[in-house]
Protein chains: 4
Amino acid sequence: MPRRVDKVERRNRIMDAAMRVFARLGVHQARMDDVAREARMSKGALYWYFRSKEDLLKAILARMFEPDLKLMEELVRQRERSAVERLETMARKALDSLPQMRVTQALLYEFYALAARTGPLQTLIRDYYRRYYELLTELLAQGIEQGELRIQNPQRAAMALLAQFEGLFLISVLLPGVDLHQEWRALSDEVLKRLSGEDGSF
Amino acid sequence: MPRRVDKVERRNRIMDAAMRVFARLGVHQARMDDVAREARMSKGALYWYFRSKEDLLKAILARMFEPDLKLMEELVRQRERSAVERLETMARKALDSLPQMRVTQALLYEFYALAARTGPLQTLIRDYYRRYYELLTELLAQGIEQGELRIQNPQRAAMALLAQFEGLFLISVLLPGVDLHQEWRALSDEVLKRLSGEDGSF
Amino acid sequence: MPRRVDKVERRNRIMDAAMRVFARLGVHQARMDDVAREARMSKGALYWYFRSKEDLLKAILARMFEPDLKLMEELVRQRERSAVERLETMARKALDSLPQMRVTQALLYEFYALAARTGPLQTLIRDYYRRYYELLTELLAQGIEQGELRIQNPQRAAMALLAQFEGLFLISVLLPGVDLHQEWRALSDEVLKRLSGEDGSF
Amino acid sequence: MPRRVDKVERRNRIMDAAMRVFARLGVHQARMDDVAREARMSKGALYWYFRSKEDLLKAILARMFEPDLKLMEELVRQRERSAVERLETMARKALDSLPQMRVTQALLYEFYALAARTGPLQTLIRDYYRRYYELLTELLAQGIEQGELRIQNPQRAAMALLAQFEGLFLISVLLPGVDLHQEWRALSDEVLKRLSGEDGSF
DNA sequence: AATGAATGAGACTTCATTCAT
DNA sequence: AATGAATGAAGTCTCATTCAT
């Protein structure tokens, strides 16, 4: 009767620790020793659950993106609901998760840097992002179809939306004084108004 | 009489090489050997012109940001010109430099990742960014003063502008299909219209 | 009443597996994990039956050499039989075991490499080999005594015999085309003839 | 004006050190640190001259085998000389190099163990050995042609010769008391006699 | 008796930096 | 000014062994 451990819990614990360490020191500067110490395990245990540092990084990436994708997929599926309402849900959830995003923001930009460079993670990150973009486009298309949204091109609108939120997020890193929470809410409100508004500014 | 080498030219050559290498491989993955080879020098020579890798990185950072700051400072100084015109100049210059930005985009995100993380470069990057933000705010303030711009808060408007352009830039990395040049122009046009427009959407 | 496992059978199973793995990968490159997998046990179980990897190796070594020694001891004891006949028996048994030797040939040379190097296994291997040599010498001495063999010095003859067979065996590793079985038989025949022949070429 | 060093001398110094260390501890047990210390260099310097441990091992292997091959090639080329005389030269040279062979004997068996096992060095070692075998065969063939040697099959004779000398060499490892020098000379004499003798015992 | 998990010393290799010329 | 060589700390990963159940 061997020692029983919850493999999933173990992997999550390591990923949690690694995210903190990676965010603090940067993916490359962080050593596996640091991760091990943060996870209160030996280095060897890390390698019991993850083949390599890169493997660990990929798992973290997946775990970061998948909940958002899941939410979007769910929202896109709810065709009976109004598109605007669903966009509001989305915006609210994003707002709620902002506090914990702060922790991983550094890590996120690390990932974006990786996305800009040919390498094993580039495709992965871009694939996640593209999927998110496609789902958002579909949601907007549904809104147009239902006559709720006064926009012409759901693809360009989706892109513009992503750009604005990503931009705000990035700015909050570069200009530390920015009150991300407040600006995010303001942007959400305005954008939702414009999407359904008559001026068709998207 | 020994030939005096042009120290500035030498430093620039090294920085050019380093930027290419850093953009290609990432700051951390790139070795000083790679930089030396790209610059067609010995590794030792690098250390004649730069104290360390970090020093080289800082110099590159400075050289990347300073022309933009110089331009902005110049524009802010030209109080006799219309603010909208000066913003147009700014937008056009940015558009012109887009092609070469592509090359160093990866490097830029590397810097942003560094900006998100406590460390010696964080302050430096944020300082540059803050300075740019302040100058843009001042330019907008001049526009308000001159009655050209129909916006309330030049600070928030500056932030929104930066966010939108940074956002678009980032999106173009994450969604490879995006035609950055075209989108950038479209965004510039729209934003300038909104800045001076009656709806006060900023 | 708990089922008692057969310790000896278990140890043999592990040794069999280890021999295959060691032969395939080399003693050093082979990991205890590999042995465990080959033996269809957990790694922990290995350590229930063997104190350490070295211990396992020693046990394998013993099990490889002892049957040959047993046979030789038995033959030496059969003083009533003709020496030539007994040598023939020996040669035939060796020939019969050639096919399975192929499997462990790599391992054998690993052992010989160890025998050439100061270390815990050196003495062990040399002791086995010396014992074998002594028994062969004794057998030859009996043959001389009985007037069957026309050789002067049983020690040198024993050494020469061993050298020739070991040499052939080694050559068959280094020159893959060699038909070991055929050459071995030819050598046996010739050597037996020369041992009892008139020319005293040993 | 950079520091000038003799790269060849440097490589040789490292190889000398590595041979001593490998022979003493075994290829796998020996660490690159050990080699570095023995060569009185830093570990980094080792990697300046050799890409990897395996690379170093290959270079050593080449340096061990090539002089013997060179000698054989030279002898085979000297068609005007009697084959027996040339074989005598060969035997004498081998005898002369015996003392230093002692040092690398352990290493040699390490190599033979590698030759018995699938891997990057197997082909290399076998190729050297095969070349040596072919050259010896050719030399014997010349001897037959010139009517000096009374043997039928130069290939089998070459194989038998190699087997006998390799066997003796191996035995001297396994039975430490053997006087290798004396036995080697005795074997050489006898073999040369038999090669040219009338009994055609090869 | 046996297992799956965990440990941690240590292996090879890399690379920013320094040195001798 | 510049070079090729050298250094050595540190990084990732491995693996014999031990542990808790």
Side-chain angles (χ1 to χ4, degrees), chain A residues 1-7 10 28-36 39-56, chain B residues 2-7 10 28-36 39-57, chain C residues 2-7 10 28-36 39-57, chain D residues 1-7 10 28-36 39-56:
Chain A
M1 289 77 207
R3 205 186 307 191
R4 293 307 294 177
V5 295
D6 183 341
K7 289 197 104 173
R10 228 39 170 192
H28 278 96
Q29 289 85 336
R31 294 166 300 138
M32 290 300 265
D33 279 287
D34 297 323
V35 176
R40 290 156 188 264
M41 292 181 194
S42 73
K43 221 185 327 179
L46 259 46
Y47 283 88
W48 182 262
Y49 292 100
F50 296 93
R51 203 185 303 284
S52 67
K53 192 180 181 183
E54 185 181 319
D55 201 47
L56 172 56
Chain B
R3 199 165 67 80
R4 303 279 302 174
V5 299
D6 184 340
K7 281 200 114 179
R10 265 317 201 243
H28 248 86
Q29 290 86 332
R31 293 166 303 142
M32 290 300 266
D33 280 282
D34 298 320
V35 176
R40 291 157 189 261
M41 294 181 193
S42 75
K43 216 182 342 175
L46 260 47
Y47 282 87
W48 185 263
Y49 293 99
F50 294 93
R51 199 189 309 282
S52 66
K53 193 181 182 182
E54 185 181 316
D55 200 47
L56 171 57
L57 200 59
Chain C
R3 198 166 67 79
R4 303 279 302 173
V5 300
D6 184 340
K7 281 201 114 177
R10 264 317 202 246
H28 250 86
Q29 289 86 331
R31 293 166 304 142
M32 290 300 265
D33 280 280
D34 298 320
V35 176
R40 291 157 189 262
M41 292 182 195
S42 75
K43 217 185 335 177
L46 260 47
Y47 283 86
W48 186 263
Y49 293 100
F50 295 93
R51 198 189 310 280
S52 67
K53 192 180 181 183
E54 185 182 317
D55 199 48
L56 172 57
L57 199 60
Chain D
M1 289 75 206
R3 204 187 308 194
R4 296 303 297 175
V5 294
D6 183 340
K7 289 198 105 172
R10 228 40 169 192
H28 279 96
Q29 288 86 335
R31 293 167 300 139
M32 290 301 265
D33 278 286
D34 298 322
V35 176
R40 290 156 190 263
M41 292 182 193
S42 74
K43 223 184 326 177
L46 258 47
Y47 284 89
W48 183 263
Y49 292 100
F50 296 93
R51 201 186 304 281
S52 66
K53 192 180 180 183
E54 185 181 317
D55 200 48
L56 172 56

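Chain letters run A, B, ... following the sequence lines, proteins first, then strands; residues in each count from 1. Computed over heavy atoms, backbone and side chain alike; hydrogens, waters and symmetry mates excluded.
- Within the nucleic acid shown, D/Ala36 has no heavy atom closer than 4.0 Å to any nucleic acid atom.
- Within 4.0 Å of D/Lys7, counting heavy atoms only, lie sugar-phosphate atoms of the nucleic acid but no base atom.
- Taking for each of D/Met41 and B/Met41 the nucleotide of DNA chain F with the nearest heavy atom, the 5'-most of the two is the partner of B/Met41.
- Computed from coordinates, the A/His28 NE2 to F/dG11 C1' distance equals 12 Å when rounded to whole Å.
- Taken to the nearest 0.5 Å, the CZ atom of C/Arg31 stands 4.0 Å off from the CG atom of C/Asp34.
- Between F/dT17 and C/Arg31, no contact under 4.0 Å exists linking OP1 or OP2 to a side-chain N or O.
- Considering all non-hydrogen atoms of both residues, B/Leu46 and B/Met32 come closest at CD2-O, 3.5 Å.
- Taking 4.0 angstrom as the limit, C/Arg51 places none of its side-chain polar atoms (N or O) nearer than this to OP1 or OP2 of F/dT17.
- Listed here is the closest heavy atom pair of D/Ser42 and D/Ala36: C-CB, 3.9 Å.
- Checking D/Ala30 against B/Met32, the closest nucleotide of DNA chain E that is more toward the 5' end is the one next to D/Ala30.
- Proximity of C/Arg10 to the phosphate of E/dA1: no side-chain N or O atom is located under 4.0 Å from OP1 or OP2.
- Atom CG of C/Leu57 and atom C1' of F/dA16 are 14 Å apart (whole Å).
- F/dC15 atom P lies 18 Å from atom CD of C/Glu54, rounded to whole Å.
- Atoms CZ (A/Phe50) and C1' (F/dT14) sit 18 Å apart, rounded to a whole Å.
- Atom pair B/Asp33:CG and F/dA5:P shows a separation of 12 Å (rounding to whole Å applied).
- For the contact set between residues 42-49 of chain D and DNA chain E, defined by any heavy atom under 4.0 Å, the members are D/Lys43, D/Tyr47.
- Atom NZ in D/Lys53 sits about 20 Å away from atom P in F/dC13, given to the nearest Å.
- Taking CZ of D/Arg10 as the start and OH of D/Tyr49 as the end, the distance is 5.0 Å to the nearest 0.5 Å.
- In a base pair of the Watson-Crick type (N1 to N3 plus N6-O4 or O6-N4) or a G-U wobble (N1-O2 and O6-N3), with each distance short of 3.5 Å, F/dA5 is matched with E/dT18.
- Between the C1' atom of F/dA10 and the CG atom of A/Asp34 lies a distance of 12 Å, rounded to the nearest Å.
- Nucleotide F/dA2 holds its C1' atom 17 Å from the CZ atom of B/Arg40, rounded to whole Å.
- Taking all atoms of both residues into account, the shortest heavy-atom contact from B/Ala30 to B/Lys53 is O-NZ, 2.8 Å.
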